[in-house]
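These numbers come from the heavy atoms of this one structure, side chains and all, not from hydrogens, waters or symmetry mates. Remember, it's a predicted structure, so these values are computed and weren't measured experimentally. By convention in this document, chain letters (A, B, ...) are assigned in the order of the sequence lines, proteins followed by strands, and residues within each chain are numbered from 1.
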Amino acid sequence: MTPAPAPLLEVEGLTAGYGRVAVLHGVSLSVAPGRILAIVGPNGAGKTTLMSAVVGLLPRQGRVRFAGAAAGSTEALATAGAVLVPETRALFADMSVADNLLLGTWPRRGDARATASAFRDVYALFPRLEERRGQRAATLSGGERQMLALGRALMSRPRLLLLDEPSLGLAPRIVRDIFRVLAGLRAQGLAILLVEQNARAALDIADDGCVLEMGEVVLRGPSAALAGDPRVIATYLGTGSSG
Amino acid sequence: MTLFVFLALLQDGLATGAIYLLLAVGLLIVFSVTRVIFVPQGDLLAFATLTVAQLEAGQVPGTLWLLDGLALAAVLAEAYRGRRPRVLAFWLLFPAAVTAATLWGPRAAPLLAVPLGLAVVTPLGPLLWRFAFRPVSDAPVLTLLILAMALHFVLAGIGMVLFGADGATVAPLSGATLMLGPLAVSGQSLAILVVAAILVGALRWFFGATLAGKALRAAASDRLGARLVGIDAADSGARAFALAAFVAALSGVLIGAATPIAYDTGFEISLKGFVAAIIGGLASYPAAAAGAILVGVLESLGSFWASAWRDVIVFALLIPALALLSLRAAGRK
Ligand SMILES: Nc1ncnc2c1ncn2[C@@H]1O[C@H](COP(=O)(O)OP(=O)(O)OP(=O)(O)O)[C@@H](O)[C@H]1O
Ligand SMILES: [Mg+2]
């Protein structure tokens, strides 16, 4: 095994919540370039809260560093190359597919050449989006919406993607397609923080894994080891299976 | 009523309707991006008329000092946070240029008074956003509305202090009268329609064809999504307020040539823009445009038949409009 390169995202002792209620209690994790860290955990464990706090949508206590600098606002992080694809997708519903993608280039606006090549690459990953480029985002199917959300996030050529339940509500075949795309992106050096209900698919694709329960990391390690851990198998993978 | 009178009233109604349309567009832009119902828009309208009137009389308008004071506060706030030198430079240089042009330029010249007036009043929009709304931009709509109402009273008070209680008019853009057979078409009415049409066309181009315009639409369409792609929420708010303030100031210059505007007249005018915006469901621009023309024409016809009932007729429009909207909303659920 090659030694992991210096981490791109470092989270240390992160505490966050809503109002005075803390949901996360001192979470630490790190993601290196070209690696996928999967976070699994039961409903309400605080996975979405973790993603929101990392990108600064929630006030955070603790240390979050991206690319060697203290993480700023959501907008600043997007500009620096850390982009969240949220559970809700947050598409621009009344705008066209092409405009949604175009707005993804906001951090690199003004560079026509980069915009054109980003469109080429995203359309190559998701040919369906090119077919639908004039259609309003509101009228897309669930799978197409997820492709658009991913595509929009990729338009600015981020270095870290934070994906909250990318498989939510999608047919198994589309989930496989999306996970294949993620594996391809990792091969190009993209780092991915992946939150998934579908623990098996997540641990299959990830390099490392964390189990989050009640706002705390209760288990962590290489994903193959986690997938073989009896507690994980019992709780998240169902009985009779191994990684 | 003869056809002749009807056509004269229609001409008047279309011109006022065009103004309400501009105001409705300003309200819609601000509401969709920031959820603020921009009540003080009417005060900015009055500020613009009164500012241009003073400039045309050769005086230095008090709103200039209001701009300088608020801009200075913005500079200090930005310097304290020290992260965005371009914002700081803008609030330093723009007011300085406007102040210099007003104090030492030929401010009463017709070609200078109107642009100067617009340049004084327009930045007040983003400054109001910066200090009144941005600090509480996540608050519920009702809180923002109460804040907007309070700000309206503050601005009306400032207007009273700066300009006194008397109304003022500005020079018309065009004093000519065009004879179409027996019908006299006033050049100012035509100018209003032309300016409104140009502005609507420019806005359509901005929102439909430029990345900056699309970014503003994105901020209106999905606040979270816009932040996630890096479109700064505070900047979008400032842009929306700048557009609305510019449109309000322009409306003040257009309407102020025909109607005397006092410090407290603007509120009522912008309320009618608000009626038009409500008819548009606070969302649809074409519907708001139709609503604005309807309000203008009804008001004009109403003033002929039953002038005392003029405003009653206009504001009574709100009831069926709101009923229809809530029916539609219920139908969607
Ligand atoms: N806006 C909010 N205000 C108050 N509490 C919230 C809010 N959002 C989430 N919570 C609470 O925070 C806790 C963690 O929620 P979170 O959405 O992070 O869970 P999750 O791990 O993403 O769950 P799921 O797998 O269902 O998506 C839950 O108890 C939830 O009720
Ligand atoms: Mg969640």
Side-chain angles (χ1 to χ4, degrees), chain A residues 19 48 51-52 55-59 72-96 98-112 115 118 136-138 145 148-158 161-164, chain B residues 28-29 31-34 78 81-87 134-140 143 203-240 280-288 332:
Chain A
T48 298
M51 299 294 237
S52 302
V55 300
L57 290 170
L58 291 173
S73 66
T74 311
E75 292 94 328
L77 273 174
T79 308
V83 180
L84 168 69
V85 177
E87 234 172 338
T88 57
R89 315 302 185 224
L91 298 174
F92 307 125
D94 46 7
M95 300 177 79
S96 69
D99 277 348
N100 269 272
L101 292 176
L102 178 67
L103 285 161
T105 66
W106 184 253
R108 310 258 172 286
R109 62 190 173 280
D111 185 344
T115 301
R136 279 188 331 127
R145 288 163 49 78
L148 181 55
L150 255 178
R152 186 180 71 182
L154 292 171
M155 289 297 287
S156 62
R157 305 218 179 267
L161 269 186
L162 299 101
L163 305 178
D164 197 350
Chain B
L28 288 180
I29 292 173
F31 180 74
S32 60
V33 175
T34 66
E78 217 44 72
R81 294 178 62 209
R83 264 182 298 192
R84 302 199 304 168
R86 280 174 59 191
V87 176
R134 201 179 101 181
V136 293
S137 57
D138 289 330
T143 311
L203 286 173
R204 282 193 66 118
W205 171 79
F206 175 68
F207 284 115
T210 71
L211 188 61
K214 285 177 181 175
L216 211 47
R217 271 169 65 203
S221 167
D222 196 296
R223 235 170 293 279
L224 171 63
R227 295 187 64 190
L228 292 177
V229 299
I231 299 169
D232 191 275
D235 285 353
S236 298
R239 291 209 181 93
L282 277 180
S284 149
Y285 290 83
R332 233 180 271 133

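For Ala226(B), the parts lying under 4.5 angstrom from a heavy atom of chain A are both the backbone and the side chain. For Thr74(A), the parts sitting under 4.5 Å from any heavy atom of chain B are the backbone and the side chain alike. For Ser73(A), no part sits under 4.5 Å from any heavy atom of chain B, backbone or side chain. Proximity to chain B (any heavy atom under 4.5 Å) is restricted, for Leu91(A), to the backbone atoms N, CA, C and O.
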Item to check | From CA spacing to verdict: side chain to side chain contact (heavy atoms under 4.5 Å, CB included), Val83(A), Val229(B) | outcome: CA-CA 7 Å; Val83(A) 180; Val229(B) 299; 6.0 Å; no
Checklist entry - Could you walk me through whether Leu228(B) and Leu57(A) pass the side chain to side chain contact (heavy atoms under 4.5 Å, CB included) check? => result CA-CA 9 Å; Leu228(B) 292 177; Leu57(A) 290 170; 4.3 Å; yes
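For residues 209-218 of chain B, heavy-atom neighbours of chain A at less than 4.5 Å comprise Leu211(B), Ala212(B), Lys214(B), Ala215(B), Arg217(B), Ala218(B), sorted by residue number. Residue-level contacts of residues 231-240 of chain B with chain A, in order of numbering, are Ile231(B), Asp232(B), Ala233(B); threshold 4.5 Å between heavy atoms.
When all heavy atoms of Ala93(A) and Ser221(B) are compared, the closest pair comes out as N-OG, 3.3 Å. Of all non-hydrogen atoms in Ala78(A) and Arg227(B), the two that sit nearest each other are CB-O, 4.4 Å.
Your options are Thr79(A), Asn100(A), Asp99(A), Thr105(A), and the one with the most heavy-atom pairs under 4.5 Å with chain B is Asp99(A).
No more than 12 heavy atoms of other residues, nucleotides or ligands sit less than 6.0 Å from atom CZ of Arg204(B).
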